[in-house]
Amino acid sequence: MLSIKNLHASIDGNEILRGINLEVKAGEVHAIMGPNGSGKSTLASVLAGREEYEITEGEVVFQDKDLLDMAPEDRAREGVFLAFQYPVEIPGVSTTNFLRTAVNQVREYRGLEPLDAVKFLALMKEKMKLVEIDQKLLSRSLNEGFSGGEKKRNEIFQMAMLEPTLSILDETDSGLDIDALRIVSNGVNQLKSDKTATIVVTHYQRLLDYIVPDYVHVLYKGRIVKSGSKELALELEEKGYDWIKEEVESASV
Amino acid sequence: MMTTATTSKLFTQVQSLFQASGGFASIRQQAVESLENQGFPVAKAEEYKFTNLSKKLENGLTNASFAEPFSIDQATVDAHIFADFDGDVLVFTNGSWNKELSKVTQDYSVEVISEDGLLGAISKPGKDAFADLNTAAFQEAIKISVAKGKVIEKPVLLIHFNQANEGQIVMPRLLVQVDEIAQVTLLEYAVCLDEEVYFSNALTEVKVAAGSYVKFFRLQNQSSKAILMDTMETDIHRDAVFTSVKISLAADMIRNNLTLNLLDSGCEGNMYGLYLLNGKTHVDNHTNVDHTMPHAVSNELYKGILTDSSRGVFNGKIFVRQDAQKTNAFQQNNNILLSENAIINTKPQLEIWADDVKCSHGCTTGQLDEEALFYLQARGLDKTQAKGMLLYAFAGEVLEFISDEPFKAHITNLVMERLGTQF
């Protein structure tokens with residue numbers, strides 16, 4: 001589904017990603033872990049199409065198409081979804097309003113009829129249950145005055161509405177208490193299928209107790225330096241990242 | 001050699017329009033004297049330093065005469081009433097009231113006045129040259145009166161039909177007197193049937209008596225040749241509430257002077273404005289709120305979106321006098337500039353003489369929020385849609401204050417159309 005080859009990206013002349021290679025197949029959950037500043041969020045942003053990053057080398061193929069060649073909105077329409085680490089507050093735009101436009105844009109792109117107000121509301125009601133989000137919240141200005149947990153639940157709600165093929169969760173667990181974490185993970189798990197894939201970017205192993213990965217990758221200094229099964233995450237939790245750093249440093253000497 | 005006021009070009013152009021006789025002789029004389037002494041604002045005049053209206057008029061008033069009242073048919077009037085409007089209509093042609101085509105079905109009165117002690121007592125001569133010009137020269141003064149205790153349920157729409165030869169002038173003069181514990185909502189806009197350069201110099205005085213509730217929602221959407229000067233001054237008495245919403249969308253140059261006098265305790269004055277400017281449109285909003293007594297509230301929010309080579313000016317004065325303890329006064333001006341050549345000059349001006357007050361002011365000027373734009377794009381909205389949505393959300397905060405739903409819908413449509421096509 002997703003094939004990343006030798007991806008290099010920089011911002012303001014600083015190289016952040018220095019040759020990422022990653023293959024993600026339908027039905028898989030990949031966790032990307034790593035210390036702060038290792039490039040995890042940059043990878044998520046680059047995949048979603050954030051413009052401030054410059055791709056200097058490499059390629060990303062998503063369902064046989066060149067992902068890097070697409071505008072952010074076309075990536076979304078093709079089925080890439082980024083759950084933001086810091087969801088943006090937009091005064092004056094309600095989740096309901098913008099999401100109806102978004103859902104219909106995506107549907108149009110995929111050759112589907114637009115949803116009328118009644119059908120849209122029915123779909124909303126169904127998806128709201130997934131993340132236990134209140135309709136009142138969705139008619140308020142997007143994320144404005146939302147708690148951290150509400151913002152993240154809103155991200156997963158939007159994901160449910162847009163039915164992506166590839167979901168990228170960028171530190172969706174940060175700032176969540178255990179109850180919110182359960183709700184969010186539960187939502188993500190229910191949306192998983194053998195046709196979709198998920199990339200979970202996180203600093204902590206805790207989230208992976210709830211969203212169980214098939215593969216765990218450790219990102220350090222812009223490269224994937226270690227890959228393994230979910231046990232690798234447990235090892236990282238126990239021993240921290242220092243041993244990985246040491247491995248990398250000694251190997252490069 | 002000093003140039004005296006009376007030898008300035010603009011003064012000479014408009015001098016023949018002054019009217020000395022009739023019931024308003026006294027205030028007219030005061031206005032003329034003030035103009036003779038002070039003249040029209042020169043380029044460096046503090047109040048007009050970003051808006052050289054005098055120069056604009058010197059060049060534009062090629063035929064500085066009044067555009068006279070004209071006849072108009074019902075179909076033309078109907079064609080300019082927005083969808084779903086439910087209320088009364090007052091029709092004016094070139095500043096003159098057309099009684100036949102107006103529809104007064106509720107319990108208030110409209111009349112042409114030839115004398116009235118209130119006219120010129122709210123907006124006193126000597127404060128502003130263009131207000132003085134109106135007082136010195138207006139052809140017809142119209143008064144809307146709402147008697148004590150009357151609640152006018154449906155809105156009253158004032159439509160000014162203007163038809164002027166190139167370089168002509170209209171000077172609407174309106175007095176609104178709302179007596180104690182009465183209530184009314186007024187809507188107003190002008191329709192220019194020609195697209196010539198013309199000058200509208202309107203002056204509206206409003207008295208909001210104790211305990212009454214008045215809303216005034218106005219739209220400025222004219223041809224790119226129209227030069228508009230609009231002065232409104234309102235006296236707000238004890239426990240009364242006055243709300244002004246002004247939406248400026250199109251003209252060549254617009255200067256709005258809005259003054260609220262909070263004359264007693266417990267009263268509230270609200271001033272909201274939105275300007276969406278493109279091309280070379282120049283819009284200047286000068287507001288002035290004067291807190292004279294304790295426990296009064298004023299709220300102010302003006303927002304602007306500017307593109308092309310347009311220019312916006314905002315100047316908000318708040319005076320809190322020594323007796324006006326426990327005043328709450330809030331002011332905010334926010335702007336989005338969408339092009340390199342658009343300019344905004346914004347200036348809050350607070351003078352506070354009382355020591356136990358809550359006053360705040362703030363202004364922001366920026367571009368569209370790139371992070372918000374990316375967020376919407378990442379959800380599948382194309383860039384144009386995402387921009388339109390963000391700009392509409394920005395503007396919508398002001399539109400929310402228009403409590404007449406059909407008028408709000410009408411203006412919302414105009415705003416969305418503009419955001420969709422122009423930005």
Side-chain angles (χ1 to χ4, degrees), chain A residues 44-53 70-95 97-110 114 140-144 151 154-155 157-164 167-168 170, chain B residues 245 247 272-274 276 301-305 330 332-336 338 362-402 408-409 411-413 415-416 418-420 423:
Chain A
S45 294
V46 164
L47 293 177
R50 202 184 277 275
E51 279 168 7
E52 47 282 31
Y53 295 97
M70 292 181 207
E73 59 268 33
D74 286 333
R75 300 181 195 203
R77 294 163 185 179
E78 285 285 345
V80 176
F81 181 91
L82 172 67
F84 281 59
Q85 182 179 6
Y86 304 109
V88 180
E89 299 187 3
I90 308 184
V93 175
S94 72
T95 308
N97 271 350
F98 108 83
L99 208 51
R100 192 169 163 207
T101 313
V103 165
N104 282 332
Q105 283 281 306
V106 169
R107 287 180 67 88
E108 191 187 329
Y109 187 85
R110 295 174 188 170
R140 276 173 36 190
S141 281
L142 183 63
N143 292 327
E144 201 181 35
K151 285 181 183 172
N154 193 5
E155 292 294 290
F157 167 70
Q158 292 175 34
M159 176 177 143
M161 291 294 290
L162 292 166
E163 299 177 337
S167 303
I168 304 159
D170 187 6
Chain B
V245 182
I247 311 294
Y272 305 112
L274 173 68
L276 251 55
L301 175 66
Y302 273 73
K303 292 183 122 178
I305 301 174
F330 305 106
Q332 189 72 37
N333 174 235
N334 307 112
N335 301 286
I336 293 180
L338 294 173
C363 54
T364 61
T365 298
Q367 281 83 40
L368 209 54
D369 181 353
E370 291 291 331
E371 186 64 19
L373 203 57
F374 175 66
Y375 188 89
L376 295 179
Q377 281 182 278
R379 296 295 177 257
L381 271 67
D382 68 44
K383 205 165 188 173
T384 312
Q385 271 180 323
K387 269 187 185 173
M389 188 172 272
L390 292 175
L391 292 172
Y392 176 70
F394 176 82
E397 194 185 354
V398 173
L399 302 180
E400 284 306 309
F401 293 109
I402 302 172
K408 179 162 91 181
I411 294 175
T412 299
N413 284 339
V415 167
M416 300 220 323
R418 175 69 76 80
L419 296 177
F423 293 119

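By convention in this document, chain letters (A, B, ...) are assigned in the order of the sequence lines, proteins followed by strands, and residues within each chain are numbered from 1. These figures come from a predicted structure and were not determined experimentally. Below, all heavy atoms of this structure are taken into account, side chains as well, without hydrogens, waters or symmetry copies.
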Smallest separation among heavy atoms of A:Ile90 and B:Ala372, with atom names: CD1-CB, 3.9 Å
Please look at A:Leu99 and chain B and tell me whether the side chain, the backbone, both or neither of the residue comes under 4.5 angstrom of a heavy atom of that chain. neither
Under 4.5 Å from a heavy atom of chain A, the part of B:Glu397 involved: neither
Do you know which two heavy atoms are closest between A:Val106 and B:Gly380, and how far apart they sit? CG2-CA, 4.4 Å
Less than 4.5 Å to any heavy atom of chain B: does that hold for the side chain of A:Phe81, its backbone, both, or neither? side chain
Is it the side chain or the backbone of A:Ala71 that comes within 4.5 Å of chain B heavy atoms, both, or neither? neither
Quick check: does any side chain N or O of B:Arg379 sit under 3.5 Å from a backbone N or O of A:Glu73, one acting as donor and the other as acceptor? no
A:Glu144: partners by salt bridge (Lys or Arg N to Asp or Glu O under 4.0 Å), with sequence neighbours left out: none
Using a cut-off of 6.0 Å, state whether more than 12 heavy atoms not belonging to A:Tyr86 lie near its atom OH. no
Provide the closest heavy-atom pair for B:Asp382 versus A:Arg77 in the form atom of the first, atom of the second, distance. N-NH2, 3.3 Å
If we define contacts as heavy-atom pairs under 4.5 Å, which of A:Pro91, A:Pro72, A:Ser141 has the most with chain B? A:Pro72
Rounded at 0.5 Å granularity, tell me how far OH in B:Tyr375 sits from CD in A:Gln158. 3.5 Å
Close side-chain approach of A:Glu52 and B:Phe374, heavy atoms under 4.5 Å: no
Tell me every residue that passes salt bridge (Lys or Arg N to Asp or Glu O under 4.0 Å) with B:Glu370, counting only those two or more places apart in sequence or in another chain. none
Looking only at A:Glu51, A:Glu78, A:Glu155, most heavy-atom pairs under 4.5 Å shared with chain B are made by A:Glu155
Smallest heavy-atom separation, B:Gln385 atom then A:Thr101 atom, equals NE2-CG2, 3.7 Å
Using side-chain heavy atoms (C-beta onward) and a distance below 4.5 Å, is B:Glu371 in contact with A:Arg50? yes
Heavy-atom closest contact (B:Ala378 atom, A:Ala76 atom, distance): O-CB, 3.3 Å
